[in-house]
J.: 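Below is a structure I'd like to ask you about.
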Amino acid sequence: MVQNTIKANFLDIHSRKVYLAEIVYSECIESVKILSDKCDDKLNWVVPGFVDSHVHIESSMLSPEMFAKMVSKYGTIAAVCDPHEIANVCGEEGIDYMIESAKKSCIKLFFALPSCVPATSFETNGASIDSDTLEKYSDKVVALGEMMNYPGVIYNDAKVMSLIETARKYGLPIDGHAPGVKGENLDKYISAGVSTDHECFSYSEAVEKIAKGMKVIIREGSAARNLESLFPLLNDNIDDVMFCTDDSHPDDVIDRGHISRFVHYALSRGISIFDLYKPLLLTPNNHYGLQVGELRVGDRADFLVVDNLTSYNVLKSVVNGCDCTGIEKANAGYSSSNYVNTFVDRHFELSDFAVDRKSDLVRVIDVKDGELVSGQYLWSLRNKARYVEPSLDEDIVKVVVINRYDAAAKPVVGFIRGTGMKSESGAYGCSIAHDSHNVVIVGSDNWAITDCANKIFANRGGLCAVCGEEVVSMQLPIAGLMTDDNYEKVACEYSAIQKMIKEKLGVSLKAPFMTLSFMSLLVIPSLKIGDRGLFDVDKFKFVDLFVK
């Protein structure tokens with residue numbers, strides 16, 4: 001590889017010093033020659049890059065290659081990726097796609113094996129992962145992915161404990177997912193070997209978990225944002241902290257940055273840049289055994305060129321000696337004929353979404369804007385019509401879940417309150433529906449819902465919005481979750497569809513698709529809907545749409 005030389009101000013995070021230096025590098029840092037202990041304000045800075053310690057690439061709607069291109073502009077040069085979403089859709093084929101695609105990316109993408117596939121037995125997904133799968137992938141992953149089934153750990157579920165024992169056999173860290181778990185239950189969870197958690201919402205919860213031996217990964221994504229509430233950890237427990245985005249949409253990354261958002265926030269509040277590199281790089285490297293360069297001689301040439309140590313604007317990202325910022329578009333190497341996907345061929349009629357009246361009282365999902373939880377509202381019907389239809393003046397529309405894996409499965413139709421939809425002939429939906437990713441749609445009439453469903457299935461996955469005869473869609477051909485289109489194009493298309501939903505359909509939700517995608521997550525209270533029916537999470541059982 002060609003040898004390169006750069007003269008710049010140098011941030012040495014190990015000696016905790018700054019100086020003017022000449023850095024010689026190829027794939028590795030070959031030498032760092034100190035020219036002066038005084039920096040030159042006219043020169044740029046060479047600094048280490050950032051690690052995202054927990055991310056679901058699928059949430060960006062981008063292929064691993066295009067995700068890498070996007071985040072490298074903001075200084076992220078490595079990430080620990082949990083392909084939980086595509087694994088629930090395509091199983092090992094999906095995981096293999098992610099690993100192979102990542103090899104062509106411009107940054108370092110490491111993988112954890114998803115631990116909860118399926119995420120729940122109450123809905124239909126596309127695959128199952130167990131300890132035998134982990135045996136097969138033990139040399140391809142750096143961790144066991146987030147153990148969402150914390151009750152299974154606490155109560156010694158056989159499948160869960162087999163996965164954990166296999167991870168421990170291979171010395172793999174076990175990532176956690178235990179929001180609100182504390183006391184004796186937390187003790188059991190940690191004693192099983194779970195070593196991290198990115199679900200802390202309060203400072204006290206995070207402190208307890210750190211005190212008991214966990215690393216807390218502070219999350220700042222598109223939906224869940226915990227940096228502000230957990231910021232005091234950077235003053236009190238910075239050695240036991242890492243950073244992650246978890247789930248981020250491309251428009252949000254373009255607007256707010258990626259891991260760089262943590263850097264700007266922390267520096268503006270007086271955190272030392274030397275201390276900040278513990279959660280940014282050193283702790284993830286040590287915890288997961290990553291091989292991300294730390295700007296020492298002999299390390300891989302992974303670094304950033306920034307303008308200064310105040311604004312920290314990234315001018316160049318270098319990984320293994322290669323400039324990431326010079327790549328215009330990643331070459332995915334896949335064609336539409338060989339994308340991994342699990343969509344069956346289906347076509348729908350108006351009658352598929354009709355709801356026969358069975359009583360005068362209907363259970364309705366009560367959505368809470370900006371939150372993953374939902375309430376339950378009992379709707380008393382005003383008329384005596386044979387079919388139950390939406391009531392826009394009561395802010396009640398239909399919500400539909402359609403099985404993407406089985407062509408014979410009937411759509412499940414319910415009702416939802418709180419979207420703010422105003423259009424009398426409108427609908428929007430997507431094939432991103434955590435965690436099994438069946439198709440979920442909300443709409444004010446059966447015509448729009450039918451058009452929306454047929455478009456999503458014709459596209460083999462993606463997003464769609466319908467207003468009268470106007471149909472706008474965005475294809476996600478990779479498992480119905482991702483595309484290898486340019487990230488700026490994806491961000492633009494996504495923003496345009498959201499704008500249509502808000503302006504033409506009148507939907508008032510801050511993040512219409514993000515909110516919709518969690519209405520079928522049957523592990524978050526209280527009333528949700530899956531491809532098998534309406535589900536009361538508090539009672540942990542299916543319930544009838546009509547109250548008799």
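Only this structure's heavy atoms are used, side chains among them; waters, hydrogens and symmetry mates stay out.
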J.: What's the separation between atom SG in Cys90 and atom CG in Asn125, rounded to the nearest 0.5 Å?
T.: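 Here the interatomic distance stands at 10.5 Å.
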
J.: Can we call the ring centroids of Phe110 and Tyr288 under 6.0 Å apart?
T.: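 When the ring centroids of Phe110 and Tyr288 are compared, they turn out to be at least 6.0 Å apart.
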
J.: Any chance you could measure Ile218, atom CD1, to Asp197, atom CG, to the nearest 0.5 Å?
T.: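 Here the interatomic distance stands at 12.0 Å.
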
J.: Donor-acceptor check, side chain of Arg363 to backbone of Asp544, threshold 3.5 angstrom: yes or no?
T.: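 Side chain of Arg363 to backbone of Asp544: a pair is present.
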
J.: Anything under 30° is parallel, anything over 60° is perpendicular, the rest tilted; go ahead and classify Phe343 against Phe457.
T.: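 If you compare the ring of Phe343 with that of Phe457, the planes turn out perpendicular.
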
J.: Please report the interatomic distance NE2(His56) to NE2(His434), rounded to the nearest 0.5 Å.
T.: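 The distance works out to 8.5 Å.
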
J.: If we ignore angles and hydrogens, is there a donor and acceptor under 3.5 Å between the side chains of Asn185 and Tyr150?
T.: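 No, because no side-chain N or O of Asn185 sits under 3.5 Å from a partner of the opposite role on Tyr150.
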
J.: My understanding is that only one of Thr76, Asp252, Asp52 makes a side-chain hydrogen bond (donor to acceptor under 3.5 Å, both in side chains) with Thr245; could you say which?
T.: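 It is Asp52; the other options fail the test.
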
J.: Return the orientation label for the Phe513 and Tyr494 ring planes: parallel under 30°, perpendicular over 60°, tilted otherwise.
T.: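 Plane angle between 30° and 60°, so tilted.
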
J.: Check the pair Phe415 / Tyr377 against ring-ring contact (aromatic ring centres under 6.0 Å, His included), numbers first and verdict last.
T.: CA-CA 10 Å; Phe415 293 87; Tyr377 172 72; over 10 Å; no

J.: Please assess Arg417 against Asp395 for the test salt bridge (Lys or Arg N to Asp or Glu O under 4.0 Å), listing each intermediate value before the final yes or no.
T.: CA-CA 5 Å; Arg417 184 177 78 154; Asp395 198 8; over 6 Å; no

J.: Any sub-3.5 Å donor-acceptor pair from Ser444's side-chain atoms to Gly426's backbone N or O?
T.: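 Checking the backbone N and O of Gly426 against the side chain of Ser444, a donor-acceptor pair under 3.5 Å is found.
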
J.: Tell me whether the rings of His198 and His177 are parallel (<30°), tilted (30 to 60°) or perpendicular (>60°).
T.: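 The arrangement is perpendicular - the two ring planes meet at more than 60°.
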
J.: Ser162 side chain to Ser131 main-chain N or O, any donor-acceptor pair under 3.5 Å?
T.: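 Checked: no pair found.
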
